[in-house]
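What follows is a single structure, written as structure tokens, with notes after it.
Read the numbers this way: they start at 1 and go in the same order the structure lists the ligands and their atoms.
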Amino acid sequence: MQRFRRPARMLEWSRQQRCAGDVIAFVPTMGALHQGHLSLVDLAAERADRVVVSIFVNPAQFGPSEDFDLYPRDLEGDLKLLSEREVDAVLIPDTGDLYPAGFTTWVVEEELSDKLEGAARPGHFRGVTTVVTKLLLVVEPDIMILGQKDAQQVAVLKRIIHDLMFPVDVIVGPIIREPDSIALSSRNAYLSGEERKQAVCLHDSLRLARKLLLEGEVDSGVVMDAMRERIESEPSTRVDYIAAVHPDTFETLDTLSDTTLFCLAVFVGDTRLIDNELVELGN
Ligand code: AMP
């Protein structure tokens with residue numbers, strides 16, 4: 001497994017692989033790797049000849065009062081996990097190499113990025129789209145693998161890939177969950193034992209939404225109320241948002257449709273967790 005810090009060296013390696021006819025799949029991450037990330041790495045290995053993983057805690061996608069400094073970092077542990085999988089190269093760039101001193105150029109998606117996560121975290125998607133654009137330029141992959149866990153991120157990144165005409169296919173991996181259904185997340189490490197127990201209400205409420213829709217309830221307000229009630233039955237929770245949207249446009253659905261994405265962000269104690277459930281009737 002090769003390690004690259006310098007973008008130019010990464011690009012040189014990638015181009016060599018592609019010249020040799022290899023298909024490259026790329027998995028961008030912020031490290032603190034868990035089985036959710038590793039499932040994407042395995043998907044990459046199934047789909048491509050070469051797998052590149054990046055580890056970069058991107059300062060540009062954190063707000064000034066968010067957890068950039070606290071965000072869990074474990075480079076040695078991450079490298080060990082990756083070395084046990086079919087990973088050919090790991091990109092671990094320095095912040096100064098991705099954001100050269102005095103940079104003033106951003107990549108901004110202007111429709112999806114203001115909704116839900118974007119409204120709750122101003123500037124977040126601008127940071128994501130900018131860094132992923134830079135990473136795509138540095139890795140030049142054929143395929144990028146993303147997790148459904150960050151459903152709005154998937155929609156925003158698909159949009160910039162379309163709009164900027166990047167020759168990259170996006171493959172989306174399913175949400176990997178703990179046995180009690182909590183979605184794996186690097187931020188779960190912040191939860192106390194009691195908060196961890198209460199956090200099952202996120203997925204409980206999403207399952208409830210799926211059940212109500214399958215039973216024929218199409219009034220979004222009714223479903224949102226039921227979800228909120230389940231979440232607020234836990235004392236340490238605070239709802240940031242709960243929504244039913246179309247998974248591609250993130251338009252809010254007042255009347256639920258055959259394809260509905262339920263998504264939510266909830267504080268459990270001080271920790272903000274997100275989760276979602278895609279319901280496709282007829283599938
Ligand atoms: P992050 O390190 O949080 O930026 O995540 C890197 C990638 O892993 C993103 O595409 C996430 O959507 C994905 N990911 C994070 N958690 C999970 C999970 N529980 N299951 C599947 N993919 C995940």
Side-chain angles (χ1 to χ4, degrees), residues 25-47 51-63 66-68 70-75 77-79 81-82 85 87 90-93 95 98 112 116-117 121 124-136 139 141 143-161 168-191 196 199-200 202-203 206 247 261 263-266 271-278:
F26 173 49
V27 185
T29 82
M30 297 204 299
L33 301 180
H34 51 62
Q35 289 302 320
H37 300 112
L38 297 177
S39 71
L40 303 183
V41 170
D42 291 345
L43 202 50
E46 277 170 29
R47 301 298 181 100
V51 175
V52 180
V53 177
S54 65
I55 298 175
F56 180 62
V57 186
N58 174 32
Q61 70 189 68
F62 289 79
E66 292 186 352
D67 56 343
F68 175 72
L70 278 179
Y71 196 83
R73 291 163 172 86
D74 178 15
L75 185 57
D78 290 346
L79 291 172
L81 286 172
L82 294 177
R85 319 297 267 219
V87 176
V90 186
L91 172 64
I92 315 158
T95 304
L98 282 192
L112 306 168
L116 300 184
E117 277 301 286
R121 305 181 64 190
H124 169 68
F125 283 121
R126 180 181 80 151
V128 171
T129 47
T130 300
V131 82
V132 170
T133 298
K134 289 166 183 269
L135 293 170
L136 289 176
V139 178
I143 301 169
M144 179 162 66
I145 317 275
L146 301 172
Q148 175 65 17
K149 163 80 176 9
D150 296 275
Q152 193 174 357
Q153 175 169 278
V154 168
V156 170
L157 292 177
K158 280 184 173 171
R159 184 67 65 86
I160 64 156
I161 283 169
V168 179
D169 290 331
V170 173
I171 294 177
V172 181
I175 302 176
I176 305 299
R177 298 180 178 281
E178 300 277 13
D180 67 358
S181 87
I182 289 189
L184 294 186
S185 164
S186 308
R187 290 191 169 97
N188 290 349
Y190 301 151
L191 298 170
R196 174 70 185 69
V200 295
L202 274 75
H203 192 244
L206 291 165
L261 178 73
C263 39
L264 45 75
V266 175
T271 304
R272 184 175 182 278
L273 300 176
I274 59 170
D275 202 348
N276 67 82
E277 177 93 358
L278 179 63

Using a plain distance cutoff, I'd like to know if [X] has any nitrogen or oxygen under 3.5 Å from a nitrogen or oxygen of ligand 1.
| X | answer |
| --- | --- |
| Lys149 | no |
| Ser39 | no |
| Ile175 | no |
| Ile176 | yes |

Open item on the list: List the residues meeting ring-ring contact (aromatic ring centres under 6.0 Å, His included) with Tyr71, not counting sequence neighbours, and say none if there are none.
Closed with: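 Only Phe62 meet the ring-ring contact (aromatic ring centres under 6.0 Å, His included) criterion with Tyr71.
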Quick one: [atom1] on [X] to [atom2] on [Y], what's the gap to the nearest 0.5 Å?
| X | Y | atom1 | atom2 | value |
| --- | --- | --- | --- | --- |
| Met144 | Leu40 | CE | CG | 11.5 Å |
| Gln148 | Leu278 | CD | CG | 6.0 Å |
| Arg159 | Leu112 | CZ | CG | 4.0 Å |

Quick check against the 3.5 Å criterion: does [X] have a side-chain atom that pairs as donor or acceptor with the backbone of [Y]?
| X | Y | result |
| --- | --- | --- |
| Glu277 | Leu206 | no |
| Asp150 | Gln153 | no |
| His203 | Val200 | no |

Atoms in ligand 1 flagged as close to [X], the criterion being non-hydrogen separation under 4.0 Å:
| X | answer |
| --- | --- |
| Leu184 | 16 (N), 17 (C), 18 (C), 19 (N) |
| Thr29 | 2 (O), 6 (C) |
| Leu146 | 10 (O) |

Shortest protein contact, [atom] (heavy atom only):
| atom | answer |
| --- | --- |
| atom 13 (C) of ligand 1 | Leu40 CD1, 3.6 Å |
| atom 5 (O) of ligand 1 | His37 NE2, 3.4 Å |
| atom 4 (O) of ligand 1 | Met30 CG, 3.6 Å |
| atom 12 (O) of ligand 1 | Asp150 OD2, 2.6 Å |
| atom 3 (O) of ligand 1 | Tyr71 OH, 3.9 Å |
| atom 10 (O) of ligand 1 | Gly147 N, 2.9 Å |

At under 4.0 Å between heavy atoms, which part of [X] makes contact with ligand 1: side chain, backbone, both or neither?
| X | answer |
| --- | --- |
| Ile145 | neither |
| Pro174 | backbone |
| Arg177 | neither |
| Pro28 | backbone |

Open item on the list: Checking Arg272 against Asp67 for the salt bridge (Lys or Arg N to Asp or Glu O under 4.0 Å) test, could you report, in this order, the C-alpha distance in whole Å, the side-chain angles of both residues, the deciding distance, and whether it holds?
Closed with: CA-CA 10 Å; Arg272 184 175 182 278; Asp67 56 343; over 6 Å; no
Open item on the list: With side chain to side chain contact (heavy atoms under 4.5 Å, CB included) as the test, pick out the partner of Leu273 among Val266, Leu191, Ile182.
Closed with: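 Checked Val266, Leu191, Ile182 against Leu273; only one passes side chain to side chain contact (heavy atoms under 4.5 Å, CB included): Leu191.
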- [ ] Considering non-hydrogen atoms only, spot the tightest contact between Glu117 and Ala265 and give its length.
- [x]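 Heavy atoms only, the tightest pair is OE2-CB, 3.9 Å.
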TODO: Would you indicate whether Arg47, at its atom CZ, is surrounded by more than 12 heavy atoms from other residues, nucleotides or ligands within a distance under 6.0 Å?
DONE: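 It does not: Arg47 CZ has 12 such atoms or fewer within range.
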